[in-house]
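These numbers come from a predicted model, not from an experiment.
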Amino acid sequence: MPSLVDGKMKAITIFPKEGYAVHADLGQTGQEQIIIYDAREAVIYSDSPIKLSLVDAKRAKLQLKRLYSSTLYPGGEA
């Protein structure tokens, strides 16, 4: 299961959804959310409630480069 680890590789949080993990500031609050997704759904995890609306979805949210410039190297068993 995807997890959030500290600098000593100790799991701080283990997410209950299996899938790929990405992170972004979806609500432009200055805090990042973690999105775990697979072929069927995406689940958003946040440390506090955020407001997401379809009105805001008309245009992409500005993100820091470290949030929008990443490469996915999937692994695991086929």
Side-chain angles (χ1 to χ4, degrees):
M1 302 302 268
S3 60
L4 187 61
V5 297
D6 66 11
K8 297 180 181 178
M9 297 305 292
K10 178 183 174 191
I12 302 300
T13 301
I14 299 174
F15 298 99
K17 166 120 182 95
E18 178 118 19
Y20 295 108
V22 294
H23 57 104
D25 181 0
L26 298 174
Q28 289 189 320
T29 61
Q31 296 181 331
E32 297 173 25
Q33 293 74 46
I34 296 174
I35 304 100
I36 310 289
Y37 69 96
D38 60 21
R40 295 181 314 174
E41 70 177 349
V43 180
I44 301 169
Y45 297 94
S46 180
D47 67 346
S48 60
I50 59 170
K51 181 181 176 185
L52 300 175
S53 70
L54 292 176
V55 173
D56 293 339
K58 290 181 181 178
R59 192 168 3 147
K61 301 288 185 191
L62 296 175
Q63 301 288 318
L64 299 172
K65 184 174 182 179
R66 69 177 183 78
L67 296 178
Y68 70 77
S69 179
S70 63
T71 303
L72 176 64
Y73 296 104
E77 297 180 27

Hydrophobic clusters join Ile, Leu, Val, Met, Phe, Trp and Tyr when side-chain heavy atoms are under 4.5 Å apart, directly or via other members; which others share one with Ile14?
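Traced through the cluster, Ile14 reaches Met1.
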Listed by chain and number, what are the side chain to side chain contact (heavy atoms under 4.5 Å, CB included) partners of Glu41, not counting sequence neighbours?
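Per chain and number, Glu41 pairs via side chain to side chain contact (heavy atoms under 4.5 Å, CB included) with Lys17, Asp38, Val43.
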Suppose we screen for side chain to side chain contact (heavy atoms under 4.5 Å, CB included). Which residues come up paired with Met9, at least two apart in sequence or across chains?
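Met9 satisfies side chain to side chain contact (heavy atoms under 4.5 Å, CB included) with Val5 once adjacent residues are dropped.
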Transitive ILVMFWY side-chain link Ile50 to Leu4, under 4.5 Å:
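The answer is no; the residues belong to distinct hydrophobic clusters.
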Taking Ile35 as the starting point, is it possible to reach Tyr20 by hopping between hydrophobic residues whose side chains are less than 4.5 Å apart?
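Shared cluster, yes.
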Considering non-hydrogen atoms only, spot the tightest contact between Pro2 and Gly19 and give its length.
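Taking every non-hydrogen atom into account, CG-O, 3.7 Å.
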Please report the closest heavy-atom contact between Ala21 and Ile36, naming both atoms and the distance.
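Result for this residue pair: CB-CD1, 3.5 Å.
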If the test is side-chain contact (heavy atoms from CB on, under 4.5 Å), which one of Val22, Ile44, Asp47 qualifies with Gln33?
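Filter result, single survivor: Ile44.
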What side-chain hydrogen bond (donor to acceptor under 3.5 Å, both in side chains) pairs are there with at least one residue in residues 3-13, not counting sequence neighbours?
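Checked against side-chain hydrogen bond (donor to acceptor under 3.5 Å, both in side chains) - neighbours excluded - no pair reaches residues 3-13.
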